[in-house]
K.L.:
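Just passing along the structure, written as C-alpha cells.
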2 protein chains.
Amino acid sequence: MGQSDPVMTTVCCGAQVACDQCDARDLAVCAVLDEDELRRFSAAATTARLEAGQTLFHEGEPADEMFSLTEGMIKLYKLLQDGRRQITGFLVAGDFLGLAFGRTYVYSAEAVTPVRLCRFRRAVFLRLLEEMPHLERNLLGRASSELAAAQEQMLLLGRKTARERLATFLLTIAERQRRTDSEPVDLLMSRSDIADYLGLTIETVSRTLSTMRRLGAIALDGTSRVYIPDREALRTIAGVG
Amino acid sequence: MGQSDPVMTTVCCGAQVACDQCDARDLAVCAVLDEDELRRFSAAATTARLEAGQTLFHEGEPADEMFSLTEGMIKLYKLLQDGRRQITGFLVAGDFLGLAFGRTYVYSAEAVTPVRLCRFRRAVFLRLLEEMPHLERNLLGRASSELAAAQEQMLLLGRKTARERLATFLLTIAERQRRTDSEPVDLLMSRSDIADYLGLTIETVSRTLSTMRRLGAIALDGTSRVYIPDREALRTIAGVG
DNA sequence: GGGTCTCATTGACCCACGTCAAGTTTCATG
DNA sequence: CATGAAACTTGACGTGGGTCAATGAGACCC
C-alpha cells in the first residue's frame, strides 16, 4: 500500500502502462478516484493499442466491454445499409466510450490515429460503478456534456449551411486544442471523415475550405494544418456567438 | 408513515397531484424510489402546468430548476440568431428535463400540448441525487438512451433523404405510442415542428407526406392522424431494418 | 528518380429540396 | 352558420450542394 508503488494495469499486447504516468490520468474518469479506488479500478482494466484505421467494435455487436481512451483519437459512426455513414463524434484522451445499458453497441468505433485505451469487462465495470459513487457522478456529467454536444451537432446538421458547418467545426477543434489565434490547428482526420461528420461530401468540404482560404478566413499548410488568423471572424461565419 | 397516506406534492397553480395517482408514476425517475425516498422526493417538488405554446425555459437562462414531465408533450429546441430552429427532441410523460451540470440551459423547452410537470430547485435536486444512488443510476440510464437517440437523429439529419426522414419519424412515433399496424398514430405537433425536427421545410414535409399517401404507404385522417397499413414497408423506406 | 497508390482539389453538370406564391382546409368565435 | 385566422397543401421555379470525372499532390517503395 506504499504511496510510491505505481499502479499498474494488466499487461496486454506487450504494453504496460502505469496510471501515474498516463497522459489521461487527470482527464479520464479515474481523475475522481482516490488512491485505493484507483488501485481496484486499474486492477480491473487491461490496456490495448490500435493502429490508425483499426476498428474497436462494430454497431450491433454485444457490448461486452467499455473503454477509456488514454491516447490518440477515435471516431464513432453509424451506417445505413447502402454505406452512407454519419460520424457522430471524435473522441480524444480522457474520453469514455462503450457505456451501454442495452445489450449491444449503438455505434461503431474506429481509430483515427494510433490509440491506447484502458479496457474493462462490462460486468466488472458495472460492479465498480456501484461501489464508487464518484465514478457514477462523473459518468453522468460526461453523458450530460455529450448530450449537449449532440444537440449542438443536430443544430449544425439540420440547419447550418456548408460554410457555417466548416466554420463551426474548425472553431470547435481550435477550442479543444486550446490554441491561441496565431497557432495552427491540426485536423488529424481525413476530408472524408470531416464530410461524414458534417453531413457533407468530401468535394463540398474541399471546395468550402478553398473558398475560406481565398477569403482569408483561414490558411492551410498541407491538408491538415489550419491557421485561423481571426477566430472572431470565423465565429461570425459560423453563425453563433 | 402509514402506507395508505397519499404522497402529495406542494400545491402550485391550484393543481394538487398525488404521486400514487400520477400518470407517470411508473415511467418517471420516481419509479426507482422506495416509499420513504418517494416521500422525501415529492416533498422537494412542486407541480406546474403549462398551456400549449407556453415556454418552460429558454436556452441560456440560468438552469435553476429541473423537471419531470408527468403529462403532455414538450419540445426542446435550439435557435440560430436569424431564427432558424432545430428541434432536438419531443418529450412525453416520464421524461426528465433540465439536467445541467453547467450553469445555464443549453436548449429551450416549450409545451406542444397542455402539460403537467414536477419541478425541483436545482440545488435541492442535486442533494437528493447524492442521497439516492438509485436515482443517479436511473438518470445515467436515461442520459445514455437519450444519447443513443441523439446519434440516431444525427444519422437522420446528416445522411437521410426527406422521404427516409419522414418514414423514420412516423415509425419512431408509432413505436413510442405502442400501436399495432391497424391503429392510427397521433402526431400532436404541427408541420412546422416536424420540419424543424427533421431538418426540412414545412412544404417538403407536406409534399412528402402527400406522396407517401398517394403511394399507399400511409393514410391521413385530418392533419395529425396517420394510419400505417404496413410498418415493414415503411421500414424499408426509412432505410433501416 | 520514377512508379504507384491514396487522398485532395477543381470543374461541369444536375437534382432534391428550398423559396415564393397561391389556394384550401380546419377550426375557433360571434 | 358566416367570418376570419392560422395551418396546411400544392404549384412553379431557383439554388446549394451532390455527382461524376479529371487533375494534382504527397507519401512510400523499389
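Each chain gets a letter, A, B and so on, in the order its sequence line appears, and its residues count up from 1. A quick note: this is a predicted structure, and the numbers were derived from the prediction, not measured.
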K.L.:
Give the rounded distance in Å between these two atoms: CG of D196(B) and P of dG18(C).
P.N.:
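From D196(B) CG to dG18(C) P: 11 Å.
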K.L.:
If you go through the side-chain atoms of E203(B), does one of them form a donor-acceptor pair with the base of dC20(C) closer than 3.5 Å?
P.N.:
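Such a pair exists between side chain and base.
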K.L.:
Could you walk me through whether R122(A) and D64(A) pass the salt bridge (Lys or Arg N to Asp or Glu O under 4.0 Å) test, one step at a time?
P.N.:
CA-CA 5 Å; R122(A) 174 199 164 91; D64(A) 294 335; over 6 Å; no
K.L.:
Indicate yes or no: does R159(A) engage D196(B) in a salt bridge with an N to O separation below 4.0 Å.
P.N.:
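Yes.
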K.L.:
Could you walk me through whether F120(B) and F67(B) pass the ring-ring contact (aromatic ring centres under 6.0 Å, His included) test, one step at a time?
P.N.:
CA-CA 6 Å; F120(B) 303 85; F67(B) 306 87; 8.5 Å; no
K.L.:
Assign the ring pair Y107(A) / F57(A) to parallel, tilted or perpendicular, where the plane angle (0 to 90°) is split at 30° and 60°.
P.N.:
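Because their plane-to-plane angle lies in the 30° to 60° range, the rings of Y107(A) and F57(A) count as tilted.
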K.L.:
For the residue pair T208(A) and T211(A), confirm or rule out a side-chain donor-acceptor distance under 3.5 Å.
P.N.:
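No, no side-chain donor-acceptor pair sits under 3.5 Å.
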K.L.:
Could you tell me whether a side-chain N or O of Q153(A) sits under 3.5 Å from a main-chain N or O of Y197(A), the two making a donor and an acceptor?
P.N.:
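Here the side-chain-to-backbone pair exists.
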K.L.:
What is the separation between atom CG on D82(B) and atom C1' on dT19(C), rounded to the nearest whole Å?
P.N.:
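The distance from CG of D82(B) to C1' of dT19(C) comes to 15 Å, rounded to the nearest Å.
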K.L.:
Please state how far atom CG in L187(B) lies from atom P in dA7(D), giving the value in whole angstrom units.
P.N.:
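To the nearest whole Å, that distance equals 16 Å.
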K.L.:
dG18(D), OP1 or OP2 - any side-chain N/O from T201(A) closer than 4.0 Å?
P.N.:
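Indeed, a polar side-chain atom of T201(A) lies that close.
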K.L.:
Reckon I202(B) touches a base, only the sugar-phosphate, or nothing at all at heavy-atom distances under 4.0 Å?
P.N.:
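No contact.
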K.L.:
Would you call D193(A)-R85(A) a salt bridge at under 4.0 Å N-O?
P.N.:
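Yes.
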K.L.:
Roughly how bent is the helix from dG1(C)-dC30(D) to dG30(C)-dC1(D) end to end, in steps of 10 degrees, with each end axis from five pairs?
P.N.:
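It works out to 40° between the end axes.
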K.L.:
May I have the distance from R225(B) (atom CZ) to dC27(C) (atom P), rounded to whole angstrom?
P.N.:
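Atom-to-atom, R225(B) to dC27(C), this comes out as 12 Å.
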K.L.:
Does S190(A) or R159(A) map to a spot on DNA chain C nearer the 5' end, using the closest nucleotide for each?
P.N.:
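With S190(A) and R159(A) compared, the 5'-side residue is S190(A).
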K.L.:
Can you check the R163(B) CZ to dG18(C) P distance for me, whole Å?
P.N.:
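Whole-Å distance recorded here is 15 Å.
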K.L.:
Are any of T204(A)'s side-chain N or O atoms less than 4.0 Å away from OP1 or OP2 of dG18(D)?
P.N.:
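True: T204(A) side-chain N/O within range (under 4.0 Å) of dG18(D) OP1/OP2.
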K.L.:
So, does D186(B) use its side chain to make a donor-acceptor pair with the main chain of L188(B) at under 3.5 Å?
P.N.:
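No; zero donor-acceptor contacts below 3.5 Å.
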K.L.:
Can you tell me how far P of dG18(C) sits from CZ of R191(B), to the nearest Å?
P.N.:
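Rounding to the nearest Å, CZ of R191(B) and P of dG18(C) are 16 Å apart.
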K.L.:
Does any residue of residues 206-221 of chain A have a heavy atom under 4.0 Å from DNA chain D, and if so, which ones, in number order?
P.N.:
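Contacting residues: R207(A).
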K.L.:
Can you check the E164(B) CD to dC17(C) C1' distance for me, whole Å?
P.N.:
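Roughly 14 Å, once rounded to whole Å.
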K.L.:
Could you pull out all residues at least two apart from T161(B) that satisfy side chain to side chain donor-acceptor pair (under 3.5 Å)?
P.N.:
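With sequence neighbours excluded, T161(B) shows a side chain to side chain donor-acceptor pair (under 3.5 Å) to E164(B), given in chain and number order.
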K.L.:
Just how far, in rounded Å, is C1' of dG17(D) from CG of L157(A)?
P.N.:
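So the two atoms are 15 Å apart, to the nearest Å.
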